[in-house]
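Structure first, then comments.
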Amino acid sequence: SADHKLLSGVLDFSRKSIRHVMTPIAKAFSISADALFDYETLEAIMESGYSRIPVHDGPDRNIDYLLVVKHLALLSPEDRTPIRTILQFYGKPVQRMFDDTTLDKALNQFKRAGHSNLALVQRVNNDGPGDPFYETVGIVTLEDVIEELIMDE
Ligand code: ATP
Ligand code: ATP
């Protein structure tokens, strides 16, 4: 029944972690801070259909900022402005959450953080012989979290 579905969604909410609802980092659409905002970049962004784009930087492809697509409306692709320059005006620092964060905690963090409804998901990588390190494994949005609540399953 519908009641049963909603109830099980609510119960899962405090048990399930964001690892199970995130988009894996390999599937994330991101752009380089070194890229230029030209027609080609604009087309790629529009084709992706996403409204928040993580920006990666350097050989390690570290992600520290998001581009919010609607901010680009004020810029002309003819100017070929470097993404790095755009970040200085419009970049939003990206939030991070650990992969074992439960959905209820993630919802609270999104609420506290205000408008940036996308977070990087990181985990502690203990797999190799070396020191443990933080690894970014995915992105999670408010939509991924909320969808679990009303999931038809
Ligand atoms: P909005 O609905 O606010 O326009 P959106 O459609 O860009 O945003 P969401 O609705 O937050 O994105 O998320 C929809 C799905 O797309 C989620 O599963 C989310 O993880 C995924 N997603 C969001 N942004 C990206 C991105 N840049 N790259 C890959 N997947 C993304
Ligand atoms: P600082 O060392 O100046 O405090 P930081 O870059 O480590 O800054 P934090 O917010 O402290 O930022 O990072 C939380 C955790 O996320 C850190 O332990 C770090 O290893 C990891 N981390 C930091 N920056 C990135 C990044 N760009 N991509 C993936 N993981 C990161």
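Sequence positions, counted from 1, serve as the residue numbers for this chain. Whatever order the structure lists them in is the order used to number ligands and atoms, beginning at 1.
- Inter-residue side-chain proximity for His71 and Phe89 is flagged as unmet; no heavy-atom pair is nearer than 4.5 Å.
- Considering only non-hydrogen protein atoms, atom 21 (C) of ligand 1 sits nearest to Thr23 OG1, 3.7 Å.
- Close contacts of ligand 1 with Lys27, meaning ligand atoms under 4.0 Å from a residue heavy atom, involve 29 (C).
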Full working for salt bridge (charged side-chain N to carboxylate O under 4.0 Å, His left out) between Asp64 and Arg96: CA-CA 10 Å; Asp64 289 314; Arg96 297 190 157 74; 3.5 Å; yes
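- Taking all heavy atoms of Glu147, Glu143, Arg52, Lys70 into account, the minimum distance to atom 14 (C) of ligand 1 is reached by Glu143.
- Not a single heavy atom of Ser48 sits closer than 4.0 Å to an atom of ligand 1.
- Shown in contact with Ile139 at under 4.0 Å from a heavy atom are these atoms of ligand 1, numbered in order with element: 25 (C), 26 (C), 28 (N), 29 (C), 30 (N), 31 (C).
- Among all protein heavy atoms, the one lying closest to atom 19 (C) of ligand 1 is Asp144 OD2, 3.4 Å.
- The protein heavy atom nearest to atom 6 (O) of ligand 1 is Gly49 O, 4.4 Å.
- Taking the ring centroids of Phe98 and Tyr134, they lie under the 6.0 Å cut-off.
- Of the charged side-chain nitrogens involved, none lies within less than 4.0 Å of a carboxylate oxygen, so that Asp100 and Arg19 do not count as a salt-bridged pair.
- Using modelled atom types, one side-chain atom of Asp38 and one backbone atom of Glu40 make a donor-acceptor pair closer than 3.5 Å.
- Nearest protein heavy-atom neighbour of atom 28 (N) of ligand 1: Phe29 N, 2.8 Å.
- In terms of protein heavy-atom proximity, atom 2 (O) of ligand 1 is nearest to Ser51 OG, 4.7 Å.
- For atom 16 (O) of ligand 1, the closest non-hydrogen atom on the protein side is Tyr50 CE2, 3.4 Å.
- Ranking protein heavy atoms by distance to atom 11 (O) of ligand 1, first place goes to Thr141 OG1, 3.0 Å.
- Shown here is Asp131, whose CG atom has no more than 12 heavy atoms of other residues, nucleotides or ligands within 6.0 Å.
- In summary, the atoms of ligand 1 found under 4.0 Å from a heavy atom of Pro54, numbered by their order in the structure, are 27 (N).
- Not a single donor-acceptor pair under 3.5 Å links the side chain of Thr23 to the backbone N or O of Ala28.
- Those atoms of ligand 1 with a heavy atom of Ala28 less than 4.0 angstrom away are 28 (N), 29 (C).
- With Gln95 contributing its side chain and Ser116 its backbone, the two residues share a donor-acceptor pair below 3.5 Å.
- Side-chain atoms of Asp79 never come within 3.5 Å of backbone atoms of Thr81 as a donor-acceptor pair (strictly under, hydrogens ignored).
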